[in-house]
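All chains are named by letter (A, B, ...) in the order of the sequence lines, taking the proteins before the strands, and each is independently numbered beginning at 1. Keep in mind the model is a prediction, meaning the values are calculated, not measured.
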Amino acid sequence: MSLQNDLGQKVKDAVKELYQVELPTVEFQPTRKDFEGDVTVVVFPMLRFVKGNPVQIGTQIGDYLQEHVAEVAKCNVVQGFLNIVIEDSYYLNFFNSIKDEVDYGYVKSTSNDAMMVEYSSPNTNKPLHLGHIRNNLLGYSVAEILKASGKKVYKTQIINDRGIHICKSMLAWQKFGDGETPESSGLKGDHLVGKYYVAFDKAYKEQIAELVDSGMDKEKAEKEAPILLEAQDMLRKWEAGDAEVVSLWKKMNSWVYAGFDTTYKNIGVDFDKLYYESDTYLLGRDVVKDGLEKGVFFKKEDGSVWIDLTDEGLDEKIVLRSDGTAVYMTQDIGTAIQRVTDFPDINGMVYTVGNEQDYHFKVLFLILKKLGYSWAEQLYHLSYGMVDLPSGKMKSREGTVVDADDLIQNMEETAESISAELGKLEGYSEEEKKGLYRTIGLGALKYYILKVDPKKRILFNPEESVDFQGNTGPFIQYTYARIQSILRKAENGRLSVVETSLELHEKEKELLKGIQLFPETVQLAAENFSPALIANYTYDLVKEFNSFYQQVSILGEPDEQKKQFRVQLSQKVGEVIQSAFRLLGIDVPERM
RNA sequence: GGCCCCGUAGUUCAAUGGAUAGAAUAGAAGUUUCCUAAACUUUAGAUGCAAGUUCGAUUCUUGCCGGGGCUACCA
């Protein structure tokens, strides 16, 4: 904020005048609640440059600031901390300067500095589950945060639509499906296909057990179960372009896509560009050949191509098989390059992928750097921890997952029953109510997931479900709804400018400080790819507002100037809540 | 074995190397003639262990202990 810049300069001036020393930086922090003041200068780091007693230095700087800076009202020094009280008029001036700003806190995209954010990237053999939800929410939110920080952003996903796991669902459907379709069964397409993925695994396990019973050892049985051999055969046919297999593949994938579309729409995420693995899995081989000539890669005797990363503390990693076919890494190299070809203004990419692939992305990024792409300097693996259940890991194969669609429905139902109990929705139509339950239910879920550091594992207990009270999405939505209620009741006579001679209530000042923090919080969240920073910021602001709301009468204030100021202050807080929550992909309700 | 991530109140989460480690929830106690009590106000309770760097360490370094992951010519 500009005040901090100004003050920083003034502190440097003070030190220069008092001690004839140039200070490189000045460290600020918000003053802790227990002390008097608004901002605090930490004196300790200066001791490196200025010899002396920190208390004395702090006091002298404080005296200088009071004399030379109009906004500084008072100072006090506690240990090595110089606490500065800022004049009310400064905050009121600040408020006047931003109160009518639309999208306050967002930076408009000006440059061609574009980023691509990849997230979701599901397999087309089963429906989305809670792990995908975490992925989707993180990726979408980071994309929105980057946009708000001034970047151009392309959201993308790569759909993993080929491979043995896809053939497993197809084969099981062929064998056991009896022609079942989404229409005939009433099942959502992705769920229908997922059902056959589970059915495959069941049949596979049965066959293994039979083979083991008949004397085969387990490892061999796992490789030679007839149904697995059939699936492998199907994959070969697919790769050869066998018309029947390809047509089945297209049919079942289309069911899955229809299902995914519904789920994405319900979660509220979207994409600017889709990539399909069936189109991209051959990419990358030419690049590897080029890289081989440039000496980035080397060839082993059997003809396979590798990169040696032992200098970087990693291992050797294969990039092309001895038969010349691609591995996962080859595809990823090719796909990254393809994206920059498709969108030449891309200057960086974010990959939202679980932390079990940390190593893979470390290697991928290194390879791209070694190949000499300038954009390779701006690659980020948005890595996140697993979502576990009390019973352990989620496994789609075994059907032990929290299904995304079920979970969303569950959240809506919980929101509904709480709302019904509170009974505040008189006059709302059924349709409006339904929309509200979705807003609240999803708000609870999204906030619950996004407020946590992505790196941490989440233990999700479906029995306890997600809270609607305390540090939660609904808590913040509720505050927003209350503010809207005030605005509806307030008369229209709006002040064009707030008198800066107004004396601020302590809570009002805290709110203004909170509002002031929003733009830098957005930037910080973008730099750190961290929705959690936005969530925590919003919570702090809202908590402060609720305390203000409780202590200070807004509409009941007799002084018209003050009343109008409080109404506008509330309105601005509401706008910031809405803007912040938009970055998390969470809606805010007019009533609740 | 090697490498990576995590370890903070009973539980779920915070804390750019800074002051007396913040919240929420569960527990105890209050606040509705007053703008929505999904709220507000009290209260009790925590840095895995051991060294080191520093004026100052939850944060950085090392070792150990716990939990998870990666370590495929799978994707």
Looking only at the side chain of [X] (C-beta and beyond, no hydrogens), which of the listed nucleotides [options] gets closest?
| X | options | answer |
| --- | --- | --- |
| A:Leu555 | B:rC74, B:rC35, B:rU20 | B:rC35 |
| A:Phe81 | B:rG18, B:rC35, B:rC4 | B:rG18 |
| A:Tyr328 | B:rC35, B:rA75, B:rG18 | B:rA75 |
| A:Asp467 | B:rU25, B:rG69, B:rA23 | B:rU25 |
| A:Ser547 | B:rA75, B:rA14, B:rU41 | B:rU41 |
| A:Arg482 | B:rA19, B:rA37, B:rC35 | B:rA37 |
| A:Phe44 | B:rA39, B:rC55, B:rU41 | B:rC55 |
| A:Lys543 | B:rU16, B:rC35, B:rA23 | B:rA23 |
| A:Lys455 | B:rA39, B:rU36, B:rC5 | B:rC5 |
| A:Gln357 | B:rA24, B:rC55, B:rA75 | B:rA75 |

Q. Aromatic ring centroids of A:Phe365 and A:Tyr351 under 6.0 Å?
A.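 Yes - the distance between ring centres of A:Phe365 and A:Tyr351 falls below the 6.0 Å cut-off.
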
Which value, in whole Å, describes the distance between the [atom1] atoms of nucleotides [N] and [M]?
| N | M | atom1 | result |
| --- | --- | --- | --- |
| B:rA14 | B:rA9 | C1' | 13 Å |
| B:rU31 | B:rA21 | P | 31 Å |
| B:rC65 | B:rU47 | C1' | 16 Å |
| B:rU54 | B:rA72 | C1' | 46 Å |
| B:rC6 | B:rA15 | P | 12 Å |
| B:rG1 | B:rU20 | C1' | 46 Å |
| B:rG22 | B:rA29 | C1' | 22 Å |

- Query: Going by ring centres under 5.5 Å and near-parallel planes (under 30°), is A:Tyr549 stacked on B:rA39?
  - Reply: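 Ring-base stacking flag not set for A:Tyr549 and B:rA39.
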
Report the base-pairing partner of B:rU58 (Watson-Crick or G-U wobble, both distances below 3.5 angstrom), or none.
->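 Checking every strand shown, B:rU58 finds no partner, since no pair has both distances under 3.5 Å.
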
- Using both distances under 3.5 Å as the test, list the Watson-Crick or G-U wobble partner of B:rU11, or none.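 Across any shown strand, B:rU11 pairs with B:rA24.
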
Could you tell me whether A:Lys33 and A:Glu544 make a salt bridge, using a distance below 4.0 angstrom between a side-chain N and a carboxylate O?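 Yes.
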
*Charged N to carboxylate O under 4.0 angstrom, A:Glu316 versus A:Lys300?*
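Result for this pair is yes, salt bridge flagged.
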
Query raised in the report: When you check the glycosidic angle of B:rU47, does it come out syn, meaning within 90° of 0, or anti?
Result: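 B:rU47: anti.
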
- Task: On the 0 to 90° scale, with breaks at 30° and 60°, tag the A:His360-A:Tyr328 ring pair as parallel, tilted or perpendicular.
- Result: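 The arrangement is parallel - the two ring planes meet at less than 30°.
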
- Message: Once hydrogens and angles are ignored, does a donor-acceptor distance under 3.5 Å link the base of B:rA19 to the side chain of A:Thr40?
- Response: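 Check passes, donor-acceptor contact within cut-off.
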
